[in-house]
Amino acid sequence: MPPAPLEDESGLLSGSGLVAEKAKRLAKLDDMRAGGAEPYPYRFDRTHTLAEVRAEHGSLEAGTETDARVAVAGRMMLKREQGKLIFATLRDRSDELQLFISKATVGDDAFEFIANLDLGDWVGVGGVVMATRKGELSVKVETLQLLSKAVRPLPDKWKGLTDTDTRYRQRYADLIVNEQARRNFQVRHAVISSFRNTLSGHGYIEVETPVLHVEAGGAHARPFITHHNTLDMNLYLRIALELHLKRLIVGGMERVFEIGRIFRNEGISTRHNPEFTMMESYQAFADVSDIIALTEELIVTAARDALATTVVDIDGEQVDLAEPWRQARMIDLVAVAIGVEVHPSQPVEQLRALAAQHGVSCAPRWGSGKIIEELFEATAEHMLVRPTFVTGHPVETSPLARTDRNDPFLTERFELFVNRRELANGYSELNDPVEQRMRFEDEQAAKDAGDDEATGVDEDYLRALEYGMPPTGGLGIGMDRVAMLLAGAQSIKEIILFPTLRPEVH
RNA sequence: GCGCCUCUAGCUCAAUGGUAGAGCAGUGGACUUUUAAUCCAUUGGUUCAGGGUUCGAGCCCCUGGGGGCGCACCA
């Protein structure tokens with residue numbers, strides 16, 4: 001029995017446009033149910049992914065048919081009707097494969113049903129593997145079952161979505177039609193997986209620490225504030241993982257890492273999303289030099305794992321990440337950039353004058369170290385395209401880092417820059433509770449003076465340090481930015497599945 | 001927050017201030033080897049919203065909204 005003609009009570013079914021299109025597809029569902037079929041079955045047993053079919057039969061000669069019976073499932077992306085034959089393109093996560101549907105094989109009713117399917121419908125198929133006369137590997141369909149209906153039409157089958165707003169808001173649609181988006185998130189997964197493997201191989205264990213903090217410390221950023229009802233107190237969403245992980249080093253866990261979401265109440269740009277993913281690791285008995293080596297290993301290994309190459313395109317330049325990465329002190333980079341030696345031991349007036357010469361405006365409370373860092377950002381940072389470890393940050397801007405063993409004004413710290421972007425930050429950890437208290441008090445003073453990104457004194461963290469933290473090297477890596485680098489993404493929104501957007505207006 | 005750009009059919013895009021169009025998708029038809037199938041026919045519009053100028057506004061002006069880019073912010 002051919003399906004009964006669709007009724008058109010509202011007049012919608014004769015029209016076009018989204019409303020009519022949805023009405024037509026919903027009517028097909030009603031029609032199926034009226035015929036006793038379930039358009040949303042509970043499960044489907046497949047024997048092969050599409051990639052597995054291709055792997056087993058990819059070399060099949062044109063015009064041959066096997067007796068290999070397979071069950072595959074996926075979304076129907078394209079349909080080419082040719083009289084008593086239909087060719088359809090099926091896609092699952094692994095691959096795409098052609099379906100070959102012959103009226104003579106499936107029978108008149110099933111053929112009519114298949115011809116009535118819409119692009120975007122999920123189907124489960126049973127059939128045999130064959131290759132068409134043109135040599136296209138296909139499944140010759142014997143049975144076909146609708147697994148779920150696409151009531152809403154897919155975007156343009158060839159051009160996909162181009163409007164970035166729609167792509168980010170409707171990431172589900174973006175993933176259906178844009179190969180590049182699917183690839184970006186595979187790269188992201190491979191990077192995170194690779195990091196876990198590398199760290200595990202070095203004896204690190206993965207931990208989870210609180211997202212809700214009483215004190216938002218470990219970085220210099222404005223936090224999000226939330227409220228706990230039962231405790232009747234404000235809490236902060238974490239801006240870093242650092243202070244809890246180092247408590248675990250005090251506890252003797254020796255090597256820990258966490259990959260977690262952190263939240264900073266700052267601007268949104270192609271490089272910033274309010275919530276993003278940070279990997280932080282801490283290793284007892286290590287110092288900054290060990291951590292620099294680890295950073296390089298993590299990222300180079302991730303490139304191999306995600307891309308099967310260490311060569312990446314950075315701003316149009318082919319860069320082999322496997323080549324050793326440059327190291328340079330911040331003060332030396334500034335000196336080269338402005339032609340004048342700088343050091344945080346210099347009087348603040350002198351540095352203030354230099355800053356003015358280079359268009360850097362200084363807040364009154366800034367000391368020499370902070371001004372040098374601002375000078376670095378204004379004059380040197382933009383030149384760091386190839387991977388560069390910038391080292392020796394001033395003590396003033398590094399309240400959790402250990403003082404350089406050879407220079408009391410600098411710290412044993414580095415930031416990794418690639419393509420002008422900061423990707424990682426690490427240091428020999430400050431483990432002297434007395435000195436840490438003084439650094440915190442400096443921060444508190446800045447906070448009291450109106451710096452809303454400064455943190456206060458974390459007494460519990462100081463108590464932990466008083467129990468004794470071994471010498472420790474720590475690292476933080478922005479996972480989104482590593483994923484951007486390896487995926488070649490120009491915006492952080494391209495590697496965050498659901499980036500922060502204003503609510504949609506209707 | 002500031003500046004520049006942008007918003008037209010479900011999707012991708014056109015349209016000197018003068019009747020809003022095309023391709024894809026959809027609908028009807030032909031076709032047993034297609035590959036973004038092809039061919040014939042055809043439906044589909046609050047031009048982001050609201051004002052204004054004009055005989056006449058998708059287009060010009062103002063206000064508002066979404067988005068993009070840049071700046072600022074982001075140790």
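Naming: A, B, ... by sequence-line order, numbering from 1 per chain.
Among the nucleotides rU12(B), rA37(B), rU32(B), the one closest to any side-chain atom of Leu78(A) is rA37(B). Nearest to the side chain of Glu81(A), among rU33(B), rC31(B), rU35(B), sits rC31(B). Out of rU12(B), rU32(B), rA37(B), the shortest distance to the side chain of Lys157(A) is found at rA37(B). Distance from the side chain of Arg169(A) is smallest to rG66(B) among rC24(B), rG26(B), rG66(B). Taking every side-chain heavy atom of Ala219(A) into account, rA75(B) is the closest of rA75(B), rG26(B), rC73(B). The side chain of Leu161(A) lies closest to rC11(B), out of rU35(B), rC11(B), rU33(B). Among the nucleotides rC69(B), rU32(B), rC73(B), the one closest to any side-chain atom of Ser102(A) is rU32(B). Here the nucleotide nearest the side chain of Thr162(A), chosen from rU12(B), rA75(B), rU35(B), is rU12(B). Counting only heavy atoms from C-beta on, Glu415(A) has its side chain closest to rA75(B) among rA75(B), rG10(B), rU33(B).
Residues Asp163(A) and Ala88(A) each lie close to RNA chain B; by heavy-atom proximity, the contact nearer the 5' end of the strand is made by Asp163(A).
Within 4.0 Å (heavy atoms only), Glu373(A) reaches sugar-phosphate atoms of the nucleic acid but no base atom. Glu396(A) comes within contact range of no nucleotide atom at all, as no heavy-atom separation falls under 4.0 Å. In this structure, Thr164(A) reaches the sugar-phosphate backbone alone: every heavy-atom distance under 4.0 Å involves primed, P, OP1 or OP2 atoms, never a base. The residue Ala173(A) sits apart from the nucleic acid: no heavy atom pair falls under 4.0 Å. Using a 4.0 Å heavy-atom cutoff across all strands shown, Asp156(A) reaches at least one base atom of the nucleic acid. Nucleic acid contact class of Arg80(A) (heavy atoms, under 4.0 Å, all strands): base. Heavy atoms of Ala104(A) sit under 4.0 angstrom from at least one base atom. Nucleic acid contact for Gly160(A): sugar-phosphate only, since backbone atoms but no base atoms lie under 4.0 Å from a heavy atom of the residue. Within 4.0 Å (heavy atoms only), Arg264(A) reaches sugar-phosphate atoms of the nucleic acid but no base atom. Glu374(A) comes within contact range of no nucleotide atom at all, as no heavy-atom separation falls under 4.0 Å.
The CD atom of Gln82(A) sits 8 Å away from the P atom of rU35(B) (whole-angstrom rounding). Rounded to an integer number of Å, the gap from Lys22(A) NZ to rG26(B) C1' is 15 Å. The distance from atom CH2 of Trp158(A) to atom C1' of rA36(B) is 5 Å, rounded to the nearest whole Å. Taking atom CZ of residue Arg222(A) and atom C1' of nucleotide rC73(B), one finds them 7 Å apart after rounding to whole Å. Residue Phe100(A) contributes atom CZ, which lies 11 Å from atom P of rU32(B) at whole-angstrom precision. Rounding to whole angstrom units, CG of residue Asp121(A) and C1' of rG26(B) are separated by 13 Å.
Here the separation of rG1(B) from rU43(B), taken at their C1' atoms, is 48 Å to the nearest Å. A distance of about 38 Å separates the P atoms of rG51(B) and rU27(B), rounded to the whole Å.
At a cut-off of 3.5 angstrom, the base of rU35(B) holds at least one donor-acceptor pair with the side chain of Glu136(A).
A close approach under 4.0 Å does occur between a side-chain nitrogen or oxygen of Lys28(A) and OP1 or OP2 of rU27(B). Note on Thr166(A): every side-chain N or O is 4.0 Å or more away from OP1 and OP2 of rG67(B). In terms of phosphate contacts, Lys493(A) brings a side-chain nitrogen or oxygen within less than 4.0 Å of OP1 or OP2 of rG68(B). Considering only side-chain N and O atoms, Thr270(A) lies under 4.0 angstrom from the phosphate OP1 or OP2 of rG70(B).
The partner of rG1(B), taking Watson-Crick or G-U wobble pairs whose two distances both stay under 3.5 Å, is rC71(B). A 3.5 Å limit on both hydrogen-bonding distances identifies rG23(B) as the Watson-Crick or G-U partner of rC11(B).
Asp118(A) pairs in a salt bridge (Lys or Arg N to Asp or Glu O under 4.0 Å) with only one of the listed residues (Arg152(A), Lys28(A), Arg75(A)), which is Lys28(A).
Taking the six-membered ring wherever Trp is involved, the centroid distance between the rings of Phe417(A) and Phe376(A) falls below 6.0 Å. Checked against the 6.0 Å centroid threshold, Phe100(A) and Phe87(A) count as a close aromatic pair.
Around atom CD of Glu61(A), no more than 12 heavy atoms belonging to other residues, nucleotides or ligands sit under 6.0 Å away.
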